[in-house]
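Below: the structure, in structure tokens.
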Amino acid sequence: MTWPQASGPMRFLLDAEQRAFAQSLDAMLGAAGTAAAVRDWSRGERGSGRALWSRIADAGVFALAVPEKYEGLGPRPVELAVAFVELGRHAVPGPLVETVAAAALLRDPGPAERFLAALASGRSTATVAREGSYALDGDAATLRLALAADGLRLAPGHGPVRPSLDPARRLTRLLPGGELLTPAPAVDRALLWARLATAAQALGVGLALLERTVAHVGRRVQFGAPIGSFQAVKHRLADVKIALEFARPLVLGAAVTMTAADVAAAKASAGEAAYASARAALQLHGAIGYTAEYDLSLWLTKARALRTAWGTPDECRAEVLRAHA
Amino acid sequence: MTWPQASGPMRFLLDAEQRAFAQSLDAMLGAAGTAAAVRDWSRGERGSGRALWSRIADAGVFALAVPEKYEGLGPRPVELAVAFVELGRHAVPGPLVETVAAAALLRDPGPAERFLAALASGRSTATVAREGSYALDGDAATLRLALAADGLRLAPGHGPVRPSLDPARRLTRLLPGGELLTPAPAVDRALLWARLATAAQALGVGLALLERTVAHVGRRVQFGAPIGSFQAVKHRLADVKIALEFARPLVLGAAVTMTAADVAAAKASAGEAAYASARAALQLHGAIGYTAEYDLSLWLTKARALRTAWGTPDECRAEVLRAHA
Amino acid sequence: MDLAHSPADEAFRAEARAWLHAHVPAVPLPSLETAEGFAAHRAWEAELAAGGWSAVNWPTRYGGRDCGLTRWLLFEEEYYAAGAPGRVSQNGVSLLAPTLFDHGTEEQRSRVLPAMAAGEVVWAQAWSEPEAGSDLAALRARAVRADGGWRLSGQKAWSSRAAFADRAFGLFRSDPDAGAPHRGLGYFMFDLRAPGVTVRPVGRLDGKPAFAELFLDEVFVPDEDVIGRPGEGWRIAMSTAANERGLTLRSPGRFLASAERLHALWQDRGSPPGAADRVADALIGARAYQLFTWAAAHRFLAGERLGPESSLNKVFWSEYDIALHETALDLLGEEGERGDTDWAERYVFSLAGPIYAGANEIQRDIVAERLLGLPKGRRT
Amino acid sequence: MDLAHSPADEAFRAEARAWLHAHVPAVPLPSLETAEGFAAHRAWEAELAAGGWSAVNWPTRYGGRDCGLTRWLLFEEEYYAAGAPGRVSQNGVSLLAPTLFDHGTEEQRSRVLPAMAAGEVVWAQAWSEPEAGSDLAALRARAVRADGGWRLSGQKAWSSRAAFADRAFGLFRSDPDAGAPHRGLGYFMFDLRAPGVTVRPVGRLDGKPAFAELFLDEVFVPDEDVIGRPGEGWRIAMSTAANERGLTLRSPGRFLASAERLHALWQDRGSPPGAADRVADALIGARAYQLFTWAAAHRFLAGERLGPESSLNKVFWSEYDIALHETALDLLGEEGERGDTDWAERYVFSLAGPIYAGANEIQRDIVAERLLGLPKGRRT
């Protein structure tokens, strides 16, 4: 059948520039070999992670969350989502999502003038904690933002570092008090940006786990054949592929509409798909996948952490239902 | 390792007599060829179903729910559960569970004297409806019991017959009014017996579906091999087997303890396992399994109906949590 | 990227909505799997056709509106949101028509398509055979050359709509000596009332004759009813099968409407929190399927060929559909056991999804081997 | 049938409960996958042994109570209900000891078992090799005959407990010329501190050294540390593997206690209705596993051999354990991300369940082929 061309402006494909942006990030991160930086970061050694951060900032990733008038390139959520898929695929450590959330919070002229350019350029990194929540990498971030009852505060420090199930994530509480930056921060907007970025990152993590597992089962021989030729293995990976490929348009679509329901749907779906990818990856790698020294672990543990970060699947489902009422 | 003998009276195996009872029911129902009776029953033709009923009653099945002093053999819930597994395996039609529930309800001396012996002997059949519920096969039962707000009533008749998803089950509403048999019927006891019998029946349905599917996939050739040699098919049936084999001890254990929590757990578990068996059976039979004329359909549709009869899985789960509080 | 529709597309959507609002029967039609319901659905096709809505994406000369893929998707959303009847012409419109557009002659198109669009001729598919389920290469029904045409003989199974339809299309072995089993097949259209055709309706789980067995005994088919060259049937059918699993068999509009119905049911039942996750997943899944389809449509419009990724699609919608209807039955509790409700009808229909149009096991093999590049194996 | 326990059994249970109540550490011990935790758990084994509770089902002459299977099950219920520490002697008690009872000599039992029961010698297992996961027939590490014993060389992987344990047991190829690959294997016990043994601890997902790689270079093992005849190791190991998957590796007491903990967590969190189904399923699953085990135990006591049905068991408990801990982490929300909680420790532990002791894919093959009788295939 000969379908005529689309008749309107609705477009649902990344354009050439967006695809090139993703490819250049992928190439840059691939060449950088992120695994060593992740392991350094897990030990509290920041050098390699900070260098990686600078290159990501130079590529313009954080600037996408910062308006042009504050030396940013944004707000451009679609490009941000595209970038965070790549950050997830390469298991980049650090308060990436939180820096984006900070950029969405700091939009009053005063704080914006003061902080945004540095966030866009990568000169500073930020963490953000809602009340009662952990601040990711509070020991590493240069800017610690606390959403307190009376507004957004610049926290004066952080409490002890607690380990996450993902060794590359370090959980801290922010100390109370500190300078009040704005009494009415745009919490909803920040949550939206944080959720979108987390969803995209989770999608990238899930894709990386699938890629690695496909490669592994093609190589690994048991009972005289590559285990990737066993039908049960094939079907499990096919199901992961399906889950990821249906999460992907939700993530990109949410970046276009930026509605609470679409972003929540994307987060729930990408979080579940990435976690399913992790479960399959662990099972099909067998014991080697269960070891910290094998690089697969960097993505496995992140998939679990991102599933709950910035909204558990059930919180996101509740948001979808709320928006639908 | 040499384990000494069990030191106490806790016994968790059917004894020789119970096993013989199950085998004789199985043999009798197998020889009777129940499929034709099920199809007759679906069309509202009762003759073959009534004949089957008599033979089941003669084997003592309904008497197990009737105390000895009313010409019964019971109450013997373990043997009843054993019998209902066989009734499920052979897809026997009619208000089997409801007749058991009626026997549990009619324990006041007056109604017991009047009705129980006939139920035990198979001379009468009963249906029971809770308020607002359907009475199964209300058009066929000789005794129609309604749990009304003011007690147990002998309903004066039934409304129009509505089809169930299981063609062998006919849903009716009981007409209001009628003779008040007892103002305080033992509703909890009746529910317990009905749930137990339904759980056992569902388990039998699930076992039959698995047996038939195993036979089918061993025969059916596609792409040059029996589909039962495909690993995805094997694993799906292995999962069904596991679900059924873990439902089985719940059903038998509940029959021993007759606690609300155990019976609810058995019902939830057997209902889900039987339904999973039905889904696998349909998928692995392919189109032939989707036809009404192929006998598999008799069990497929029953698995769906029994899943909700006398307590949906979620109602049963709620009962487990309530008992556990 | 931009997900907003143009004003012209929105105007098209509004026109469709208004027409549907005015014409969709207030009371649901009887099941199309019954003689009475089939007739009612055929009349509805005629009404759709009279309004110009029965095949909106076709060229106008065959009864369509030449409206393009985007508007077809919008029309489908409006169609199902309006609660409009199931399409008894689905086999023809989604399976045969694309084949004729790609492989038919202009004469065939002019003869077949307008009557299909008008609901005058309803088509059944005749793919499967008793011993060839998802394995089309095992087909055995044959076509033997005759004067001015062919004579078809053999048995076809699971022919949906055939109990009440007018004509059917399917593959027959036209050259038994061809080298490989998937060669030597021809693609034929034939009359279900022609001499030599016996139609035996087969009831599905709820007893309704949703399909039939066809017994063909030297059924004459003129050359004009062969699509493409005999011997090329397999290749032609594969392109149709890809289509079947792809964009046009299950439009997102269906599932968006189903999810809305489920959400309304959940609310009617007092929004039980224990089912909240499954209801939310239905809403999320419908949105995912919509956005996935838009993306696929735009890749298609950009010139990409949609190949094995249609297998992702098939597995997703078929399992989604069952899960949604299981949730509905669970929400209905005891009422969910009734066999005479719309929910029951849709549930039974959904159960066939993972079986037909290429069983999901085969689709997963395709995803694993062709999309993930896993090694081929013997499946066993 | 009768599920009530005898007064004597109930008295035994009460005795165990009282002892545990008085002795279980109030503060949980550090993780047994750390040096500090390992030492604390070894001390706990000694305390258990002093009370006579470290191997209740063994004959008294080896340090047990000869209490029978029923009481062992009751003891395990009490043990886990009391929140008592994980058993660092598990490998020895559940895997090596049954092998010695069935295949060892009296000298071996007298020498090995009392020290094991006392926690003086903690055992690691050394089954797997880097290229032989679930495929034991592919083992390559070898045993070469030497004066008065054997010399072991090669590499073992995923040796649980080996980072801190004293001795290990496993299979080595003692006759490379044996006809079939699963013949010619010997079952050896060896000292982890013997000359030629290098232990390289390997961290699991949370970095804790839950297992180790072992490199053996001509490690001398005297004849007295060979179990059974060399060449029979495969058969001996298979009977141990059946045991491992069977009754004694995961007692129902564990899961009953886990389900209780989950239920308490759910209540602490305000009984969120969205998780009610999963919490109920955890309670139901634990009860199912308990009753399944009782039934199996009674069949065993009645003289039946527990064969491939242990595969049902393995798949059930391993998937159950993960689902339960996933539910817990979900209930914990953001707190569930923490890596330093008991829930996190148990979650990470549970993830290994479907992999070790015969991967669940293999178990499902066994269920399908040996319990359902489906045709063998090439898996691919």
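Heavy atoms only: backbone and side chains are in, while hydrogens, waters and symmetry mates are out. Below, chain A is the first sequence line, B the second, and so on; all start at residue 1. These numbers were taken from a predicted model, which means no experiment stands behind them.
For the atom pair CD (C/E361) and CD1 (B/I227), the distance works out to 8.0 Å, reported to the nearest 0.5 Å. Distance CD/C/E335 to CG/B/L171: 8.5 Å, rounded to 0.5 Å.
Within the 4.5 Å cutoff, side-chain heavy atoms of C/I362 are placed close to those of B/F223. With a 4.5 Å cut-off on side-chain heavy atoms, B/D314 and C/D330 do not count as touching.
A donor-acceptor distance shorter than 3.5 angstrom exists from the side chain of C/E334 to the backbone of B/Y134, with no hydrogens or angles considered. Using modelled atom types, one side-chain atom of B/Y290 and one backbone atom of C/V348 make a donor-acceptor pair closer than 3.5 Å. The closest donor-acceptor contact from the side chain of B/Q283 to the backbone of C/P354 lies under 3.5 Å.
Ion pair C/E326/B/R279 flagged as a salt bridge, since at least one NZ, NE, NH1 or NH2 atom sits closer than 4.0 Å to an Asp/Glu carboxylate oxygen.
Nearest approach of B/S297 to C/L205, heavy atoms of both residues: CB-CD2, 3.7 Å. Smallest separation of non-hydrogen atoms from C/A344 and B/L165: CB-CD2, 3.8 Å. Contact record, C/W158 with B/T291: CZ3-CG2, 3.1 Å, taken as the closest heavy-atom pair.
Residue contact with chain C, scored on non-hydrogen atoms closer than 4.5 Å, involves the side chain of B/R169 exclusively. Proximity to chain C is limited to the side chain of B/T301, based on heavy atoms less than 4.5 angstrom apart. Neither the backbone nor the side chain of B/Y294 comes within less than 4.5 Å of any heavy atom in chain C. Contacts of C/D206 with chain B are absent, with no heavy-atom separation under 4.5 Å from either backbone or side chain. For a residue to count as touching a neighbouring chain, one of its non-hydrogen atoms must lie under 4.5 Å from one of that chain's; by this rule C/I322 touches chain B with the side chain only.
Within a 6.0 Å radius of CZ in B/R130, other residues, nucleotides and ligands contribute more than 12 heavy atoms. Counting heavy atoms of neighbouring residues, nucleotides and ligands inside a 6.0 Å radius, atom CZ of C/R140 does not exceed 12 of them. For C/E36, the CD atom counts as loosely surrounded, since its 6.0 Å shell holds 12 or fewer non-hydrogen atoms of other residues, nucleotides or ligands.
Interface remark: of the candidates C/R364, C/R200, C/K208, C/R200 forms the most heavy-atom pairs closer than 4.5 Å to chain B.
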Please assess B/E293 against C/V202 for the test side-chain contact (heavy atoms from CB on, under 4.5 Å), listing each intermediate value before the final yes or no. CA-CA 8 Å; B/E293 65 190 38; C/V202 175; 4.2 Å; yes
Test C/L329 against B/R304 for side-chain contact (heavy atoms from CB on, under 4.5 Å), laying out the working first. CA-CA 10 Å; C/L329 296 194; B/R304 177 74 224 176; 3.3 Å; yes
